[in-house]
Amino acid sequence: MTTVTSPLAGRAIGLAAVPDPVFSGAMVGPGTAIDPVREPHAAVSPVDGVVVSLHPHAFVVVDGDGHGVLTHLGIDTVQLNGEGFDLLVNKGDTVSRGQEIVRWDPSAVEEAGKSPVCPVVALEATADALAELREDGDIKAGDTLFVWQ
C-alpha cells in the first residue's frame, strides 16, 4: 500500500476537470488533479522512491513497491520547452516524499496561454486500486491525495 501525497499546494479538482482528454479520460491512469496556487514554488515528490522520468514539465517517481506516480505540471506545458521550469534533481536520483523536484511558476504558465492544472496519476493502476481519492477542497503540499492499495 502506497500513500500518495500532493506535490503542490492548491485545490484538488479531480481528473475529470483536467482540460485534456488524455488525462480527464484517465487514459494515462487513475488519480486526481491540483489547480495550483499562483506563485512560484517547487513541486515536491509525492512518494519516497527513484526519479525514473524527468522533464521540465513532468516527472515520475517509482516507490519501493514499483508504483509509478506521474506529476504533470500544467497542460501542454511541453510546448514551453522548459521555459520557466528549473529541475532540482536528476533522473535516477533517490528522493524522499516532500523533496523539491521542479521549481516553476503557475502564473507564468497561465500567462503563456497554458493551463497550470496538474494531474497526479497512478501509472499502470486500475481505478479500484485507489482509495481515499481527493477530488475537491484546498490542499497543501504533503496532504494525502490517494492511497494505492
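Reckoned from all heavy atoms, side chains included, excluding hydrogens, waters and symmetry mates.
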- Message: Could you go through H55 and V78, starting from their C-alpha distance and side-chain angles, then the distance that decides it, and tell me whether this counts as side-chain contact (heavy atoms from CB on, under 4.5 Å)?
- Response: CA-CA 9 Å; H55 303 279; V78 66; over 6 Å; no

- Message: On a heavy-atom basis, which atom in L15 and which in G29 lie closest, and how many Å separate them?
- Response: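 Taking every non-hydrogen atom into account, CD1-O, 3.5 Å.
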
- Which pair of heavy atoms, one from A122 and one from W148, lies closest together, and at what distance?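 Taking A122 first and W148 second, the nearest heavy atoms are CB-CZ3, 3.5 Å.
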
Partners of [X] by side chain to side chain contact (heavy atoms under 4.5 Å, CB included), sequence neighbours excluded?
X	result
V102	L54, F59, L73, F85, L87
A9	V37
D63	T2, V47, D65, H67

Side chain to side chain, [X] and [Y], heavy atoms closer than 4.5 Å:
X	Y	result
P7	V120	yes
H57	L80	no
H41	P106	yes
P119	V28	no
V69	V61	no

Going hydrophobic residue to hydrophobic residue with side-chain gaps under 4.5 angstrom, can you get from [X] over to [Y]?
X	Y	result
V109	L70	no
V62	L123	yes
L130	L145	yes
V18	I139	no
V60	I101	no

From [X] atom [atom1] to [Y] atom [atom2], the distance as rounded to the nearest 0.5 Å:
X	Y	atom1	atom2	result
D20	I75	CG	CD1	5.0 Å
F146	L133	CZ	CG	7.0 Å
S6	D143	OG	CG	7.0 Å
D138	I34	CG	CD1	10.5 Å

- Message: For the CD atom on E83, are there more than 12 heavy atoms of other groups (residues, nucleotides or ligands in this structure) within a distance under 6.0 Å?
- Response: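 Result for CD/E83: open.
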
- Give a yes or no on this: more than 12 heavy atoms of other residues, nucleotides or ligands lie within 6.0 Å of atom CE of M1.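 Incorrect, the count does not exceed 12.
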
- Other than L88, which residues form its hydrophobic cluster under the rule that side-chain heavy atoms must be closer than 4.5 Å?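 In the cluster with L88 there is nothing else; it is isolated.
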
- Item | Qualifying side chain to side chain donor-acceptor pair (under 3.5 Å) pairs with a residue from residues 109-137, counting only residues at least two apart or across chains |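 Matches after skipping sequence neighbours: R38-E110, Q79-K114, T126-D128.
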
- Write out all pairs satisfying side chain to side chain donor-acceptor pair (under 3.5 Å) with one or both partners inside residues 89-99, taking only residues at least two apart or from two chains.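 As it turns out, the side chain to side chain donor-acceptor pair (under 3.5 Å) pairs with a partner in residues 89-99, which skip direct neighbours, are T5-R97.
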
- Message: Working note: V121 + H72, criterion side-chain contact (heavy atoms from CB on, under 4.5 Å); need CA distance, chi angles, decisive distance, verdict.
- Response: CA-CA 8 Å; V121 175; H72 202 285; over 6 Å; no

